[in-house]
Amino acid sequence: MTRTYILPNGSGAAAILAAGIGSFALAVLAFAGDKSVAVKSSLVFYKPTGPLSGVTTTAILIWLFAWGVLEWRWGKKTVAAARVITVALVLLGLSLLLTFPPIVDLL
Amino acid sequence: MEITMRSVWTLIHGMGFGALYLLACSGALVELYRFTTSTDPAEPTPGQERFLKGYMLAMVLLAWAAVLTGAYVIYPWYRAAAPPQTADLSMFPQRLLMSSPGTIGWHSLGMEWKEHVAWFAPISITMAAFVVIRYGRDLRHHRQLRGAVLSFTLVSFVAAGIAGFFGAMINKYAPVQGGHTLQLGRGEGK
């Protein structure tokens with residue numbers, strides 16, 4: 001009888017949660033830059049692109065760092081995927097809301 | 001018939017990378033939906049699996065190419081500051097849009113949203129491609145992961161669609177112009 005080895009879901013869950021964290025970091029940074037002149041000017045990494053360069057570069061670094069840490073912790077494990085995916089989707093939904101200018105103006 | 005270098009870059013960004021990404025995304029959504037909603041998905045052949053992995057990888061490259069050319073090649077031309085008392089704002093698209101109440105919304109809503117929401121596309125599709133490549137045919141044993149990949153791919157499609165729509169409309173009202181002019185051919189009068 002042959003047994004099929006099934007990959008644990010930890011690696012996939014890590015990638016999914018990291019994507020949620022990265023998207024949310026981008027939205028929070030964009031929001032902070034919109035609300036604070038000091039934050040906005042500190043996010044100018046490349047002058048021709050302005051604060052968008054800092055918002056996106058920082059968010060990508062946060063995303064990749066979170067992904068690396070989560071992969072290291074969960075990569076070979078089976079985790080409660082439903083809960084992790086719910087958190088990731090909530091973060092993604094909040095990110096969409098936080099980047100929508102009329103909502104940013106309300107907050 | 002001529003075209004400026006800035007227009008060429010806008011075409012590469014929007015029609016080349018952006019539109020192609022949207023087309024590829026719609027194909028991926030159909031395949032992922034079929035795969036996700038099936039309670040017992042059929043095992044893909046090695047050829048099908050290799051094709052799907054290559055397809056997802058191509059989408060990742062298109063998505064990153066679209067946002068990077070947008071942010072670092074075209075956006076600086078878009079947001080260039082006009083010297084004081086410049087009457088002709090045609091070379092300064094952001095200022096041109098902001099100069100009229102009829103067009104200011106294309107910047108304050110359109111570009112302000114587009115410049116951030118677009119980045120959700122490459123982040124989401126990179127994750128989706130990673131999961132598809134990492135798990136391969138084993139993904140049929142992970143219904144929840146398949147559902148998450150489908151959801152993030154859908155968000156990626158919507159984000160790219162929003163960015164594409166506003167990009168096209170902004171370029172209609174305030175096109176990015178300038179740079180070297182390329183001669184594409186000579187028209188003949190009829």
Side-chain angles (χ1 to χ4, degrees), chain A residues 4-27 29-31 33-34 46-53 55-57 59-60 63-64 67 71 75 78-86 88-89 92-93 95-96 98-105, chain B residues 43 64 67-68 70-81 94 105 107-149 151-152 154-156 158-159 162-163:
Chain A
T4 314
Y5 173 72
I6 297 173
L7 274 173
N9 65 9
S11 188
I16 291 162
L17 183 57
I21 291 170
S23 302
F24 189 62
L26 191 145
L29 286 163
F31 178 80
D34 191 70
Y46 176 61
K47 209 172 174 193
T49 300
L52 181 65
S53 58
V55 168
T56 54
T57 305
I60 288 167
W63 166 47
L64 295 176
W67 193 351
E71 174 67 29
T78 295
V79 299
R83 203 166 47 193
V84 171
I85 290 166
T86 304
L89 288 173
L92 188 61
S95 310
L96 285 170
L98 264 183
T99 50
F100 186 52
I103 291 179
V104 175
D105 294 341
Chain B
E43 185 158 337
W64 283 108
V67 293
L68 290 172
Y72 291 98
V73 179
I74 296 156
Y75 189 57
W77 295 327
Y78 170 81
R79 68 188 294 273
Q94 180 184 353
H107 172 74
S108 61
L109 174 68
M111 182 52 87
E112 293 281 337
W113 195 15
K114 166 189 162 66
E115 71 184 37
H116 296 121
V117 82
W119 290 81
F120 297 148
I123 292 175
S124 297
I125 208 66
T126 302
M127 178 280 285
F130 170 81
V131 174
V132 167
I133 291 167
R134 174 95 169 84
Y135 285 84
R137 66 185 62 192
D138 211 26
L139 198 54
R140 70 198 187 100
H141 299 296
H142 298 283
R143 194 176 164 81
Q144 290 163 328
L145 295 187
R146 295 200 310 268
V149 166
S151 304
F152 271 80
L154 183 63
V155 169
S156 170
V158 171
I162 292 167

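First the proteins, then the strands, lettered A, B, ... as listed; each starts at 1. Treat the numbers as computed from the prediction; the structure is a model and nothing was measured. All values below were derived from every heavy atom in this structure, side-chain atoms included, with hydrogens, water molecules and symmetry-related copies excluded.
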Next on the checklist: Determine whether a donor-acceptor pair (N or O, by modelled atom type, separation under 3.5 Å) exists between the side chain of B/Ser124 and the backbone of B/Ala121.
Outcome noted: no
For residues [X] and [Y], determine if any side-chain heavy atom of one lies less than 4.5 Å from a side-chain heavy atom of the other.
X	Y	value
A/Thr99	B/Trp119	no
A/Ile16	A/Val84	no
A/Phe31	A/Ile103	no

Side chain / backbone / both / neither for [X] at chain B, heavy atoms under 4.5 Å:
X	result
A/Ala88	both
A/Leu92	side chain
A/Leu96	both
A/Phe100	both
A/Leu7	both

Checklist entry - Of the listed residues (A/Asp105, A/Val55, A/Leu98, A/Ile60), which shares the most heavy-atom pairs with chain B below a 4.5 Å separation? => result A/Ile60
Go through the atoms of [X] and report whether side chain, backbone, both or neither lie under 4.5 Å from a heavy atom of chain A.
X	result
B/His142	side chain
B/Phe130	side chain
B/Arg79	side chain

Checklist entry - In Å and rounded to the nearest 0.5 Å, what is the NE2 to NZ distance from B/His107 to B/Lys114? => result 13.0 Å
Checklist outcome for this item: Rounded to the nearest 0.5 Å, the OH atom of A/Tyr46 sits from the OG1 atom of A/Thr56 at a distance of 12.5 Å
Checklist outcome for this item: Residue from B/Val158, B/Leu109, B/Leu139, B/Val149 scoring the most non-hydrogen pairs under 4.5 Å with chain A is B/Leu109
